[in-house]
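Here's the structure, in structure tokens; my notes come after.
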Amino acid sequence: MSTPLQPTPHKVVVIGGGYAGALAANRLRTRRDVEITLVNPRPEFVERVRLHQLAAGTGDATVDYGTLLGEGVRLVVGSATRIDTAARTVRLASGRALDYDYVIYAVGSTGAVPSSVPGAAAFAFDVAELESARRLRARLDELPADAPVTVVGGGLTGIETAAELAERGRRVTLVCGGTLAPSVSAPGRRYVAGWLSRHGVAVLQADAVTEVRPDAVVLASGAARPSALTVWAAGFGVPRLAAASGLRTDELGRLLTDETLTSLDDDRVVAAGDAAAPSGRPLRMSCYAAGPLGAQAADTVLSRIAGTEPAVIRLAFSGACVSLGRRAAMRQLARKDDTAVNVYVGGRVSAAYKELTCRLGVWKIRREARRPGSLIWPKGGPRPERPAASATR
């Protein structure tokens, strides 16, 4: 009697091992005939939501992949340089090529220090990636405790960084370049401003930094302000892998997809997390959205393997939480479409909530390793139909 032929496994390469990519890799294990390769430039998982803690010296931000990935997920440490959609290979900087049947594009986001601001690229630090956060921490360790520090960017990342440093006794100036915490409600904004004021943070809302020097920043008003260390937290970018692979992207470089997260150019490329731009209208870059988008991307690939129609995105938001040091936070409530309402919760309760959400981001990945397909998330209504816009190659 002849031995039955084993089915050829479906090869899926997940590019990026952050919150979206790691969860997607684990979720793909709901099918036994899928060969899963996770490509990540580092051998450890990075908790992006804790990088400001790492920089300030109040916490760590890495987790061993051995505790996160399910059995059968192969980790390849390397950087992808091109997705060759014709040959169906992912090419790595090492020269290696990985064959695939499907790709999940989960490269995440990066810091965005603008070249248009003189001195910013040379002298400013960012907290968007592990290596830059470590460099920032090392530089802080070299400085006297009373050395002036400038944080550029009035969004949530800038606020969290400024607050963490101020609570550690640093002299901090936060330059917003506009409104402080523009994504939150007016009451929530007042709470954040009050906390920063009580902890000695000088908040310059309307001013902007036009030049960074080794020992100062120059403001749009023309004033030069002493700054022994400048942290740039004004926005994020994304890796250019999609554009380098000839796939259409939005202006920032996020992969343009339909509402099932499938690339507009190739139905074997599916995106997830910060680097996805469904219908040209990306969701807010966040750990909150990364998990569901990773799960959705995995489900889309599994549907295509099964020959069924993938589902469209239906994710409801509930708000955002900004930490203010280790003992306070501001939890901003929002409608399902992520628009803020005039309700917030501050203080220690929100600090505990923030810590819980940070831990849940990792816990959900581990649970998906134990029970593939277990992640569920709040569903919103279908997103309004609108064609993808501003495509570039």
Under the 3.5 angstrom rule, does the side chain of K354 hit a backbone N or O of A329 as a donor-acceptor pair? no
Got a donor-acceptor contact below 3.5 angstrom from the T89 side chain to the R91 backbone? no
Return the CD1 to CG distance between I159 and L180, rounded to the nearest 0.5 Å. 4.5 Å
Please give me the minimum heavy-atom distance between C321 and Y353, naming the atom from each residue. SG-CD2, 4.1 Å
What residues, two or more places apart in sequence or in another chain, satisfy salt bridge (charged side-chain N to carboxylate O under 4.0 Å, His left out) together with E142? R139
Looking only at non-hydrogen atoms, find the nearest pair between E164 and S323 and report the distance. OE1-OG, 4.4 Å
Return the minimal non-hydrogen interatomic distance between A24 and I104, and the atom names on each side. CB-CD1, 4.0 Å
With side-chain contact (heavy atoms from CB on, under 4.5 Å) as the test, would you mind laying out the steps for T262 and R304 before giving the verdict? CA-CA 10 Å; T262 303; R304 297 202 182 281; 2.9 Å; yes
Between T300 and A311 the two heavy atoms that sit nearest each other are OG1-O, 4.4 Å
Considering all heavy atoms, the nearest D274-V238 contact: O-CG1, 4.1 Å
Once the angle between the rings of Y344 and Y191 is folded into 0 to 90°, is it parallel (under 30°), tilted (30 to 60°) or perpendicular (over 60°)? tilted
Is R88 positioned over the aromatic face of Y100, cation under 6.0 angstrom from the ring centre and no more than 45 degrees off axis? no
Measure the acute angle between the ring planes of Y19 and F45, then classify it against the limits of 30° and 60° as parallel, tilted or perpendicular. perpendicular
Please report the shortest heavy-atom distance between A242 and L255, naming the atom on each side. CB-CD1, 4.0 Å
